[in-house]
Amino acid sequence: MTIRPLLYLDVDGVLNPVLLGPGFAAHDLMDHLVLLSADHAAWLHELSARYELVWATTWEHGANTHIAPLLDLPALPVVEFSRYRSRPDDPRFEGPQSLLARKWAPLLRHAGRRPFAWVDDVMPDGLVRCGRRRPDRLLLPVDPARGLRRHHVDRLLACPPRPAITRS
């Protein structure tokens, strides 16, 4: 049995872009204007054949309550960032990037040794560059103004992360 890689999905800036574009509908969710696209729904269904989809968003379980039904998605597993507590073995980031540890460390813990892709609008270039050397990770930054685009989906489908080779 082949285990599919995980695909960590952010909401704001990825599925909910800053700018209203063609094909997006506005929704009032929890006193926020949220822009969602039927294209995203279709693309996520397409990606679910290759990946196990996981919410990696500050919406946490609210993504299953409010976002998933509008994208015709089932309830997905959730990485709980609000429960993050720093550990001595967490990755370290300097300066303004230090807040990234609040997402990156929980993602790494959740993934364990499984290969994963991460789609987010807040991802430092240095982390993306380091990820390029890892066949078990695909870090895909998204422009928050436009959100997830077809070329991102094509990249995820063409080059899914694969298990790292361990040497004994």
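We use all heavy atoms of the structure for the numbers below, so side chains are in, but hydrogens, waters and symmetry mates are not.
For the residue pair His110 / Glu80, no side-chain donor-acceptor distance below 3.5 Å is found, with atom types taken as modelled.
Applying the side chain to side chain donor-acceptor pair (under 3.5 Å) test to pairs two or more places apart or on separate chains, none has a residue in residues 19-45.
Phe24 places none of its side-chain heavy atoms less than 4.5 Å from the side chain of Asn16. Counting heavy atoms from C-beta on, the side chains of Trp59 and Leu15 never come closer than 4.5 Å. Between Val119 and His152, the closest side-chain pair of non-hydrogen atoms is not below 4.5 Å.
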For Arg150 and Glu46, run salt bridge (Lys or Arg N to Asp or Glu O under 4.0 Å): C-alpha distance rounded to whole Å, both residues' side-chain angles, the deciding distance at 0.1 Å, then the answer. CA-CA 11 Å; Arg150 182 65 214 190; Glu46 187 178 351; 2.8 Å; yes
If you apply the rule side chain to side chain donor-acceptor pair (under 3.5 Å), what do you find for Trp118 with Asp10, and how did you get there? CA-CA 8 Å; Trp118 179 31; Asp10 187 23; over 6 Å; no
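Checked by atom type and distance alone, the side chain of Arg134 never pairs as donor or acceptor with a backbone atom of Pro115 at under 3.5 Å. Without hydrogens or angle criteria, Glu60 side chain to Val78 main chain gives no donor-acceptor distance under 3.5 Å. Remark: the backbone N or O of Arg4 is paired with a side-chain donor or acceptor of Arg114 at under 3.5 angstrom. A donor-acceptor distance shorter than 3.5 angstrom exists from the side chain of Tyr8 to the backbone of Ala111, with no hydrogens or angles considered.
Every side chain to side chain contact (heavy atoms under 4.5 Å, CB included) that Pro77 has, sequence neighbours left out, goes to Glu52, Val54.
The OH atom of Tyr51 sits 10.5 Å away from the CG atom of Leu9 when rounded to the nearest 0.5 Å. Atom CG of Leu108 sits about 5.0 Å away from atom CZ of Phe116, to the nearest 0.5 Å. To the nearest 0.5 Å, atoms NE2 (His151) and CG (Leu156) are separated by 10.5 Å. Rounding to the nearest 0.5 Å gives a distance of 8.0 Å between CG of Leu148 and CG of Leu140. Within the model, atoms CG of Leu71 and CG of Leu76 stand 9.5 Å from one another, a figure rounded to the nearest 0.5 Å. Summarising the geometry, atom CG belonging to Leu73 is positioned 10.0 Å from atom CD1 belonging to Ile67; distances are rounded to the nearest 0.5 Å.
The hydrophobic cluster containing Val79 does not contain Val142, counting ILVMFWY residues as joined when their side-chain heavy atoms lie under 4.5 angstrom apart, directly or transitively.
Within 6.0 Å of the CZ atom in Arg162, the count of heavy atoms belonging to other residues, nucleotides or ligands does not exceed 12.
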